[in-house]
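Keep in mind that the numbers below use all heavy atoms, side chains included, and drop hydrogens, waters and symmetry copies.
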Amino acid sequence: MTVQRFFTLSATLALVVSLSGCSLVRDLGVGKGFSAKYLCSAVFNSGLEEDVVINQFIKPKVRQLPWFWNVDVDHSLKQVTVGDLFTGSKQAATAIWRQGKGCTLLVDKTREDVLALPFRPLIAAPLNPRELWPLGTKMSNSPHPEVDYDALKAAVSGMFAETYDAPIQTTSVAIVHKGELIYESYGLGAEEDSPILGWSMTKTITGMLVGLLADQGRIDLDAPAPLADWAGTEKAQITTRELLNMTSGIENNENYKGLSDVSKMLYLESDQLAFAQSQMLIHEPGTVFDYSTPEANRLAAVVHSVVGDQQAVYDFYQQYLFHKLGIRSAVIEFDAAGGMVGGAYGYMNTQDWARLGLLYLNKGVWNGERIFSEEWMQFALTGTEQAAHYGAQLWINAGGERWADLPEDIFYFMGHQGQRVIMIPSKDLVVVRTGVTENYDVQKQAISDFLHAVYAAVEDTPVKG
């Protein structure tokens with residue numbers, strides 16, 4: 001299927017004038033790269049409708065580009081190409097999909113280059129439909145007396161009702177209480193089995209992988225990060241613990257508007273991990289907190305340095321994390337050089353996001369098996385002197401930093417456009433919300449309203465132990 005969007009020459013010339021003062025070609029590169037990659041993953045990973053993704057999710061993000069773009073979705077090749085009226089096919093952005101690996105943006109690489117990288121998907125046994133969730137797929141019909149189901153239903157409905165000043169576009173909600181999935185709802189074409197982009201919630205997963213390596217004795221958090229490119233440089237002193245806490249001292253521009261470090265890395269670099277490692281050291285390690293997507297990709301580089309190539313890393317995160325939890329839908333996508341994009345590109349269905357949150361709510365224990373050590377969990381959920389509200393690649397409501405009137409024991413995974421997995425130990429709750437909310441202020445308000453409503457609908461039922 002091919003979707004084309006062309007405007008008149010006068011509109012195009014007006015756009016050129018409006019963009020004067022910035023790098024049109026580079027900004028177009030980011031816009032085309034984002035559009036191709038996002039559409040590829042949304043269609044072939046998540047199974048969403050092309051028109052919904054293009055018109056409601058992508059257009060508000062890239063703004064001027066749809067005036068003169070050319071979008072081609074090839075279902076036979078499972079490939080998306082986005083070009084523009086100025087440069088035609090010469091500077092078009094293309095993303096390709098592969099089973100188990102998801103979509104890869106072809107930056108300075110050909111389709112053949114990427115497909116030549118050794119890779120085979122793992123096929124896990126399906127969950128038992130007769131066993132209760134989360135170990136199986138069967139849902140419990142037992143009511144929870146602590147829950148006001150009418151209030152809960154109203155809270156969830158509020159996340160799908162477009163009553164705010166800008167679109168919130170919720171795609172899914174799931175609520176887990178006392179280890180049971182008690183409510184879920186979907187919108188905009190997302191379904192129960194749709195793997196959904198977590199954006200920066202992927203950082204938490206990458207942190208988990210480092211935690212597994214630390215628990216296995218394969219990495220020392222307080223030793224210099226095992227990155228060969230840093231040997232003999234001033235960055236050689238940076239520890240893995242500092243990377244986990246976002247205190248490496250390496251420069252970063254996390255602004256997603258224009259040609260930021262993040263946009264350049266995600267959409268203009270074929271080797272994102274090398275880019276992240278090449279950024280300059282500007283602060284003494286361990287002294288300044290700076291939230292950074294490249295920091296998570298530096299952690300992904302640490303995982304690669306210990307585990308191996310993309311196949312080895314894929315096998316590791318599937319076997320040692322996802323499959324142990326019964327997670328079958330998850331993939332962390334790779335860049336064109338075969339590096340895991342640990343800062344942004346994690347996909348799994350909503351129930352599986354909830355499973356991941358439940359693991360951390362249960363202090364690293366799953367069905368009686370300790371997946372993470374007590375030492376790791378203590379570290380992961382503890383802030384630093386530089387940022388009391390941030391642990392090991394996840395957020396903490398320390399001092400009421402995010403929600404002043406809710407318990408400080410709340411911690412959460414947080415991703416761009418309103419992705420959340422929120423753990424509330426004092427309620428024995430995991431709350432998942434996914435969506436595509438572009439307006440940050442509206443996103444923050446809508447999620448806060450939702451969380452407060454869910455909190456009020458459930459009596460205190462603290463986690464034991």
Participant: Quick one about Asp352 and Ser329 (side-chain donor to acceptor, distance below 3.5 Å, no hydrogens or angles considered), yes or no?
Facilitator: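 Distance-only check passes for Ser329 and Asp352.
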
Participant: Any donor-acceptor pair under 3.5 Å linking the side chain of Tyr320 with the backbone of Leu209?
Facilitator: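 No; judged by distance alone, with no hydrogens or angles, the pair does not exist.
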
Participant: Which residue pairs pass the salt bridge (charged side-chain N to carboxylate O under 4.0 Å, His left out) test when at least one of the two sits in residues 237-253, sequence neighbours left out?
Facilitator: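 Output for this query lists Asp222-Arg241.
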
Participant: What are the two closest non-hydrogen atoms of Leu266 and Leu105, and how far apart are they?
Facilitator: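 Heavy-atom minimum between the residues: O-CD2, 3.9 Å.
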
Participant: State whether Lys61 and Glu438 are salt-bridged, where the test is any N-O pair (Lys NZ or Arg NE/NH1/NH2 against Asp/Glu carboxylate O) under 4.0 Å.
Facilitator: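 Yes, this pair counts.
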
Participant: Do Arg120 and Asp315 meet the salt-bridge criterion of a basic N to acidic O distance under 4.0 Å?
Facilitator: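 A salt bridge links Asp315 with Arg120.
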
Participant: What is the ring orientation for Tyr390 with Trp395, classed by angle as parallel under 30°, tilted 30 to 60°, or perpendicular over 60°?
Facilitator: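 Tyr390 vs Trp395 ring planes: perpendicular.
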
Participant: Show the numbers, then the answer: is there a salt bridge (charged side-chain N to carboxylate O under 4.0 Å, His left out) between Glu374 and Lys363?
Facilitator: CA-CA 7 Å; Glu374 293 180 2; Lys363 301 179 181 179; over 6 Å; no

Participant: What's the verdict on side-chain contact (heavy atoms from CB on, under 4.5 Å) for Tyr186 and Glu191, showing C-alpha distance, side-chain angles and the deciding distance?
Facilitator: CA-CA 6 Å; Tyr186 298 89; Glu191 298 177 346; 5.5 Å; no

Participant: For residues Asp441 and Gln445, is any side-chain donor paired with an opposing acceptor at under 3.5 Å?
Facilitator: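 Side chains of Asp441 and Gln445: no pair found under 3.5 Å.
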
Participant: Just do the side-chain contact (heavy atoms from CB on, under 4.5 Å) check on Val210 and Val303 with the steps written out, would you?
Facilitator: CA-CA 7 Å; Val210 176; Val303 174; 3.9 Å; yes

Participant: Evaluate the side-chain proximity of Asp215 to Ile371: yes if any heavy-atom separation is below 4.5 Å, no if none is.
Facilitator: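 Not touching, per the 4.5 Å side-chain cut-off.
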
Participant: Quick one: pull up CG in Leu65 and CD1 in Ile58 and give me the separation to the nearest 0.5 Å.
Facilitator: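 Rounded to the nearest 0.5 Å, the CG-CD1 separation comes to 9.5 Å.
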
Participant: For residues 402-410, please give each side-chain donor-acceptor pair under 3.5 Å, one per line with the distance, not counting sequence neighbours.
Facilitator:
unit_1, atom_1, unit_2, atom_2, d
Arg402, NE, Tyr412, OH, 3.4
Arg402, NH1, Tyr440, OH, 3.4
Asp405, OD1, His452, NE2, 2.8
Asp405, OD2, His452, NE2, 3.0
Glu408, OE1, Gly399, N, 3.0
Asp409, OD2, Ser426, N, 3.2

Participant: Using distance alone, with no hydrogens and no angle criterion, decide if Glu333 and Asn45 have a side-chain donor and acceptor under 3.5 Å apart.
Facilitator: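 Asn45 and Glu333 do have a side-chain donor-acceptor pair below 3.5 Å.
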
Participant: Output every pair passing salt bridge (charged side-chain N to carboxylate O under 4.0 Å, His left out) with a member in residues 286-313, not counting sequence neighbours, ordered by first then second residue.
Facilitator: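 Pairs touching residues 286-313 that pass the test: Glu295-Arg298.
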
Participant: Can you tell me how far apart CG (Asp261) and CD1 (Ile250) are? Round to the nearest 0.5 Å.
Facilitator: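 Asp261 atom CG to Ile250 atom CD1 measures 11.5 Å (nearest 0.5 Å).
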
Participant: Are Gln443 and Arg433 close enough that a side-chain donor and a side-chain acceptor fall under 3.5 Å?
Facilitator: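 Gln443 vs Arg433: no donor-acceptor pair found between side chains.
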
Participant: Would you please say whether a donor-acceptor pair under 3.5 Å links the side chains of Thr293 and Glu254?
Facilitator: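 Thr293 vs Glu254: donor-acceptor pair found between side chains.
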
Participant: So do the side chains of Leu127 and Pro134 get within less than 4.5 Å of each other, counting heavy atoms only?
Facilitator: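 Leu127 vs Pro134: side chains apart.
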
Participant: Over 60° means perpendicular and under 30° means parallel, so classify the ring planes of Tyr314 and Phe119, tilted if in between.
Facilitator: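 Answer is perpendicular, since the angle exceeds 60°.
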
Participant: Would you check if there is a donor-acceptor pair between the side chains of Ser41 and Tyr345 at a distance under 3.5 Å?
Facilitator: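 Checked: Tyr345/Ser41 side chains show no N/O donor-acceptor pair below 3.5 Å.
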
Participant: Do Asn439 and Tyr164 have side-chain atoms, one donor and one acceptor, less than 3.5 Å apart?
Facilitator: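 No, Tyr164 and Asn439 have no side-chain donor paired with an acceptor closer than 3.5 Å.
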
Participant: Taking the side chain as everything from C-beta on, heavy atoms only, tell me whether Thr204 gets closer than 4.5 Å to Met208.
Facilitator: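 A side-chain contact under 4.5 Å exists here.
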
Participant: Hey, can you tell me if Phe411 and Tyr360 have their rings parallel, tilted or perpendicular (30° and 60° cut-offs)?
Facilitator: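 Geometry flag for Tyr360 against Phe411: tilted rings.
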
Participant: Indicate the ring-plane relationship of Tyr317 and Phe334, choosing parallel, tilted or perpendicular according to the 30° and 60° boundaries.
Facilitator: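 Answer is parallel, since the angle falls under 30°.
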
Participant: Going by atom types only, do Asn349 and Gln351 share a side-chain donor-acceptor pair under 3.5 Å?
Facilitator: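 No pair is found: no donor N or O on one side chain lies under 3.5 Å from an acceptor on the other.
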
